[in-house]
Each structure stands twice: as structure tokens, then as C-alpha cells.
Amino acid sequence: MSDNSKKIENVIIIGSGPAGLTSAIYSARARLEPLMIEGEEAGGQLMITTEVENFPGFDHGITGPNLISVMRKQAERFGTKFITRNVTKVDLSKKPFEVTVGKEVYLAKSVIVSTGASAKYLGLPSEKVYMNRGVSACATCDGAFFKDVEVGVIGGGDTAMEEAQFLTRFAKKVYLIHRRGEFRASKIMVERSLKNPKIEVLYNTEVTEVMGDENSMNAVTLRDTVNGKTKNFPLQGLFLAIGHKPNTDLFKGVLDMDATGYLKTRPGSTYTNVPGVFVAGDAQDPIYRQAITAAGTGCMAAIDAERWLEANH
Ligand code: NDP
């Protein structure tokens, strides 16, 4: 239930990765006093990344959690307010918009959605154990740490092809591990992978276990999906490229999204189909998925929201 005596925020930002925090910095500096609902696991995918070496401005790199921490301080310095809880419901059919957190309802003239995406994992307990100790879901982020070693990439889509090719710049050998006999990826991407002398494809193969010592992984168990036979296989790195899931369930049936759940924007902007609701970062980006591109669209969303508020309120 909305409460008429309640404060109406200029902008509520949902999600606290680089997209949300950048939109908070910009909208706070525009004196909009944004309210960020940052989630209980604040910070997004960077919180599970070790070294970030490709974010401009940090010549010696920075860890993912530190990068989030400095961005958050910067947003706070200009007056962003934070709520460290998860949004449970949104009602974008009402004006002001309603954003519910448990029993609390927050009202807003505009909303920036920056809920991000999550990499899909196999779901093995051992994969969790070796996360960031050999197991990664982002070759662009972590590939450079795998110089002259043998690594595996799991998946048969375009991401797997791209990541496998990228990893050949560093790794001695890349095993492309796919559960079926044919790839889902586009022909040209498959051709490039098959032509690359450093890539070897393991068809009809699943990883059922990740093994290692207390420092890092050093082997996996492979299962042949045709005859069920298993074997241990030495590998120093394992990259998951089995897809991402945008965190957009809250907006189903309300905001336009593609079949996977990525929110659609008006081209060249962060406008969604609901006026006053903007989206930034991985929740709308199946292609680039980088911290810097998320931050860039976060800036766009804040500017879009500011101008929209100016024209409509
Ligand atoms: P996809 O959904 O296209 O592919 C996921 C792959 O992972 C599939 O081959 C799937 O196998 C496999 N997989 C899924 N779950 C498991 C599991 N539990 N165990 C083992 N394997 C699994 O995701 P992508 O990230 O590759 O691509 C997403 C979208 O982005 C696509 O539309 C793609 O075309 C696009 N893209 C485009 C690029 C470009 O054009 N440069 C680059 C990267 C992505 P199976 O085939 O058996 O289902």
C-alpha cells in the first residue's frame, strides 16, 4: 500500500555494481539525492572477481571488491543514501513508482534498474571451492593469469568460442569442453576455434568434478556423455562459458525483455518501455558485459533520468 505522507524520491537505483554506483555518482552530483537499494550481496559480479586489470585509472590493477568499495565511497560522498537489502517487488504501473523491500515501500519519480546478471555455473560444490583459484566465468577478466598452462573452457556457444580463442593468447593449450557433438555457436566462430592450433575440442564431454590442492585447482574429472565413462584430466584453469542470466525476474511482464530476460532499451539510450524507468549495465547487455561498459551505461542512465525528471516533474 502506498502511503501519501511518504517521501517521494527523485530516483531509486536498484542494484549496486559499477552500473548502479556510477549512476548514483552522477545523479548525486546532479543533486537528485538518489536512494540506492544495493541488495544483500551488494557489489555484483566484481565482488567475486580477484584482480581487475582492465578498468582505466588503476595502472597496477585493483581487486574487484576494492573497486566497488571506492565507487561506493564516491557515491556516498555526494549524498547517495543506501539500503542494504533486496528489492522484493516493484510496481511500475503507479505514479510515483513503488519499490518494495520486505514490508517497506519506497516511492520514486524515476527508477534506474542496474540489477546485473549472474554467470551460470555447473552447480558442483568443488567448482565453488576453486572459484578464483583456477575456476572463472570471465576469460577477459582472468585470462592473463593463465600464462603457459593448460586450461579448459566449458560451453558450445559463441561465448565459449570467443573465450577459448582469447585464452590462446596466454595459455599453452585450451580444451573446449562441450556436452554435445555439435556446437550451438555461429559457424564462423566455430571455424575459427577449430582452425586454432592451440584449441582442442572435447566433444560429448562433461566436467563432473574439479580437483586441486589448498592453493589452486589442478585437474578435473571428465565424463563421456555418450558411454558414461569418466577419467581424470590435468587442467590448471577452467572457464565457465555456459551462459549468463540477467537478474530481471522482478520486471517480468512489465519491462520489455528478450527471450533470455535482458531488458530492452530504446536504441542509443537507457530508456525502457516505461517512461521514467531506465536500465544500465549487464541487465541490458548480453554482449560486452564489462565493468567499464556497465559504468558507462550507468552514467547514461543518470543523465537520461535527470533530463526526464527535468522535463516531466
Ligand atoms: P548460449 O546459451 O548460446 O550457449 C551456452 C552453451 O553452454 C551451450 O552450448 C550449452 O550447451 C552450454 N551449456 C549450458 N548449460 C550447460 C551445463 N550445465 N553444462 C554444460 N554445458 C552447458 O550462451 P552464450 O553465452 O554462448 O551466448 C549468449 C548469447 O550471446 C548468444 O545469443 C550468442 O550468440 C551471443 N554472443 C555473441 C557473441 C558475438 O557475436 N561475438 C559473443 C558472445 C555471445 P548446449 O548447446 O548443449 O545447450
Side-chain angles (χ1 to χ4, degrees), residues 44-45 48-49 54 116-131 134-143 151-169 174-196 199-210 217 220-231 233 235 237-249 256-265 267 279 281-294 297:
Q45 293 182 76
I48 51 161
T49 309
N54 53 11
S118 308
K120 287 191 198 155
Y121 288 90
L122 298 172
L124 306 170
S126 56
E127 164 194 52
K128 271 210 180 114
V129 171
Y130 291 106
M131 191 71 209
V135 175
S136 166
C138 179
T140 318
C141 321
D142 299 329
V151 301
V153 174
I154 306 180
D158 284 333
T159 304
M161 300 301 142
E162 226 174 43
E163 304 232 319
Q165 285 158 42
F166 180 76
L167 286 164
T168 60
R169 296 184 196 180
V174 178
Y175 292 94
L176 191 45
I177 305 167
H178 183 37
R179 63 183 176 186
R180 291 191 294 136
E182 302 112 51
F183 289 116
R184 174 185 296 274
S186 52
K187 284 215 165 60
I188 186 155
M189 302 278 272
V190 173
E191 276 164 21
R192 269 186 217 145
S193 295
L194 296 181
K195 250 198 253 161
N196 191 316
I199 298 178
E200 182 177 335
V201 181
L202 305 178
Y203 291 103
N204 301 312
T205 304
E206 274 176 350
V207 170
T208 56
E209 194 72 54
V210 184
M217 65 165 283
V220 293
T221 303
L222 298 180
R223 180 178 164 276
D224 186 316
T225 56
V226 176
N227 61 25
K229 283 191 181 145
T230 60
K231 64 175 177 194
F233 195 81
L235 277 185
L238 186 66
F239 288 83
L240 280 300
I242 60 173
H244 282 75
K245 189 187 175 305
N247 305 318
T248 55
D249 288 353
D256 288 348
M257 49 182 80
D258 71 9
T260 319
Y262 286 100
L263 297 180
K264 290 187 180 169
T265 51
V279 55
D282 286 13
Q284 52 86 53
D285 174 16
I287 298 172
Y288 304 104
R289 297 194 303 244
Q290 300 301 300
I292 189 67
T293 48
T297 55

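When a ligand or atom number is given, it counts from 1 through the structure's own listing order.
- The shortest side-chain heavy-atom distance between Asp285 and Thr293 falls under the 4.5 Å cut-off.
- Contacts of Ile287 with ligand 1, taken as heavy-atom pairs under 4.0 Å, are absent altogether.
- Ranking the protein heavy atoms by distance from atom 1 (P) of ligand 1 puts Arg184 CD, 3.9 Å first.
- At most 12 heavy atoms of other shown residues, nucleotides or ligands fall within 6.0 angstrom of atom OH in Tyr288.
- The shortest N or O to N or O distance between Asp158 and ligand 1 is below 3.5 Å.
- Nearest to atom 41 (N) of ligand 1 among the protein's heavy atoms is Glu162 OE2, 2.9 Å.
- Residues Ile199 and Tyr175 have side chains not in contact (no heavy-atom distance under 4.5 Å, counting atoms from C-beta outward).
- Annotation: side chain to side chain contact (heavy atoms under 4.5 Å, CB included) contacts of Arg192 (sequence neighbours excluded): Gln165, Ile188, Met189.
- No side-chain donor-acceptor contact under 3.5 Å links Thr225 and Glu206.
- Here the side chains of Gln284 and Tyr262 are not in contact, with every heavy-atom distance at 4.5 Å or above.
- With sequence neighbours left out, the side chain to side chain contact (heavy atoms under 4.5 Å, CB included) criterion links Val129 to Arg133.
- The atoms of ligand 1 that sit less than 4.0 Å from any heavy atom of Arg180 are 45 (P), 46 (O), 47 (O).
- Side-chain atoms of Ile292 and Asn54, non-hydrogen and from C-beta on, never get closer than 4.5 Å to each other.
- Closest to atom 27 (O) of ligand 1, if we only count protein heavy atoms, is Thr159 OG1, 3.6 Å.
- Applying the 4.0 Å criterion to heavy atoms of Gly156 picks out, from ligand 1, the atoms 6 (C), 7 (O), 8 (C), 9 (O).
- Below 4.0 Å from some heavy atom of Leu122 lie the following atoms of ligand 1, by number and element: 19 (N).
- Residue His244 places every heavy atom at 4.0 Å or more from ligand 1.
- Nearest non-hydrogen protein atom to atom 11 (O) of ligand 1 is Arg179 NE, 3.2 Å.
- Protein heavy atom closest to atom 7 (O) of ligand 1, with residue, atom name and distance, is Ile242 CA, 3.3 Å.
- Of all the heavy atoms of Glu206, none lies under 4.0 Å from any atom of ligand 1, so neither backbone nor side chain is involved.
- With hydrogens left out, the protein atom closest to atom 23 (O) of ligand 1 is Gly243 CA, 3.9 Å, a heavy atom.
- Ser118 and Asn247 share a side-chain donor-acceptor pair at under 3.5 Å.
- Using a 4.0 Å threshold on non-hydrogen atoms, atom 31 (C) of ligand 1 does not count as touching the protein.
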